[in-house]
Amino acid sequence: MIPGAIDEWPEPAPAKPLWLVTLADLALLLVGFFVLLQASQQPRAVAAALRASFGGNDTPAAAPVMASGITDFATGSATLPQDPAAVIAWAEEAVRDPRVALTVTGSVDGSTIDVDPVTGSGAILAADRARALAGALARVSPRITVTTAARPGRRAAIVTLAFAGEPGKQP
């Protein structure tokens, strides 16, 4: 026998018929269709299950809609640089709708001198600026969240309002 001749090669394994592979694909598509139908009947339950499986929070974050605030704080100070009457009037008008929530975000400019004089922390100074403006807004609404900016920017305290949903109702 000649080396490499066809007789030396093993017999090919019997292949599956092409129609069987196509049938399996169609069956999987049909199962997926029924899963989609079932999911569309209870979209909130499916969304909650997906959110929980990925470690998400059940309450969606409120999306900011409008903003107002006070800028130009003195370097290293949380004292309001101007009268907050305009911001208070704006907030009073906004919170007439019970579905609105206010968030006050304090920020620093990121320089080495724009820090809290006692602790030397920019984050504490940003929180103090937000608390100073939130204190002025306290009589306007009990629904005020105080935060600090993630990155340095301006020496400011900004109030944002957002639609937070119906009071007392879960999404």
Side-chain angles (χ1 to χ4, degrees), residues 32-171:
F33 175 72
F34 285 121
V35 167
L36 182 65
L37 279 178
Q38 184 66 27
S40 67
Q41 291 177 2
Q42 300 173 349
R44 289 183 188 266
V46 172
L50 285 172
R51 201 175 306 117
S53 66
F54 287 105
N57 189 353
D58 282 348
T59 54
V65 178
M66 295 177 66
S68 182
I70 295 180
T71 58
D72 301 325
F73 278 82
T75 305
S77 173
T79 305
L80 295 176
Q82 61 201 40
D83 183 24
V87 177
I88 292 171
W90 174 83
E92 284 175 337
E93 180 67 28
V95 297
R96 286 187 183 169
D97 185 345
R99 301 171 298 174
V100 170
L102 298 176
T103 301
V104 182
T105 305
S107 61
V108 295
D109 65 9
S111 67
T112 57
I113 58 174
D114 195 26
V115 294
D116 181 59
V118 176
T119 63
S121 169
I124 290 177
L125 179 61
D128 288 344
R129 288 176 177 164
R131 279 194 300 265
L133 186 53
L137 293 170
R139 68 176 180 84
V140 173
S141 172
R143 298 179 315 269
I144 298 176
T145 305
V146 176
T147 64
T148 59
R151 285 184 238 122
R154 321 169 42 169
R155 295 185 314 268
I158 305 297
V159 182
T160 55
L161 66 91
F163 176 76
E166 297 295 330
K169 287 189 178 180
Q170 289 292 332

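These values consider heavy atoms only, across backbone and side chains, with no hydrogens, waters or symmetry-generated copies.
- Here the side chains of Asp109 and Pro152 are not in contact, with every heavy-atom distance at 4.5 Å or above.
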Start with the C-alpha gap between Val104 and Thr145, add the side-chain angles, then the distance that decides, and say whether side chain to side chain contact (heavy atoms under 4.5 Å, CB included) holds. CA-CA 6 Å; Val104 182; Thr145 305; over 6 Å; no
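- Not counting sequence neighbours, Gln82 has no partner by the side chain to side chain donor-acceptor pair (under 3.5 Å) test.
- Heavy-atom contacts from other residues, nucleotides or ligands closer than 6.0 Å to CG of Leu37 number more than 12.
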Tell me, with the steps shown, if Leu133 and Ile70 meet side chain to side chain contact (heavy atoms under 4.5 Å, CB included). CA-CA 8 Å; Leu133 186 53; Ile70 295 180; 3.8 Å; yes
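- Shown here for Ile158 and Ala67, the closest heavy-atom pair between the two residues is CG2-CB, 4.1 Å.
- Here the closest non-hydrogen pair linking Ala136 and Pro84 is CB-CG, 3.9 Å.
- Judged by distance alone, with hydrogens and angles left aside, the side-chain atoms of Ser77 form no donor-acceptor pair with the main-chain N or O of Ala74 at under 3.5 Å.
- Across every non-hydrogen atom of Val146 and Ala127, the tightest pair is CG1-O, 4.4 Å.
- Nearest approach of Leu102 to Ala91, heavy atoms of both residues: CD1-CB, 4.0 Å.
- Between the OG atom of Ser111 and the CZ atom of Arg155 there is a distance of 7.0 Å, given to the nearest 0.5 Å.
- Under a 3.5 Å cut-off, the side chain of Asp97 and the backbone N or O of Val100 do not form any donor-acceptor pair.
- In this structure, the side chains of Phe73 and Leu125 stay at 4.5 Å or more apart for every pair of heavy atoms.
- Side chains of Val115 and Val108 form no contact here, defined as non-hydrogen atoms less than 4.5 Å apart.
- Annotation for Glu92: atom CD counts as buried by contact number, over 12 foreign heavy atoms lying within 6.0 Å.
- Screening residues 123-134 for side chain to side chain donor-acceptor pair (under 3.5 Å) gives Asp114-Arg129, Asp128-Arg131 as the qualifying pairs, with residues at least two apart or on separate chains.
- Checked by atom type and distance alone, the side chain of Ser107 pairs as donor or acceptor with a backbone atom of Arg154 at under 3.5 Å.
- Ala130 and Gly106 make their closest contact through CB-N, 3.5 Å (heavy atoms, listed as atom of the first residue, atom of the second, distance).
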Chi angles and distances behind the side chain to side chain contact (heavy atoms under 4.5 Å, CB included) call for Trp90, Leu161: CA-CA 10 Å; Trp90 174 83; Leu161 66 91; 3.4 Å; yes
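- For the pair Thr148/Thr105, no side-chain contact is recorded, criterion being any heavy-atom separation below 4.5 Å from C-beta on.
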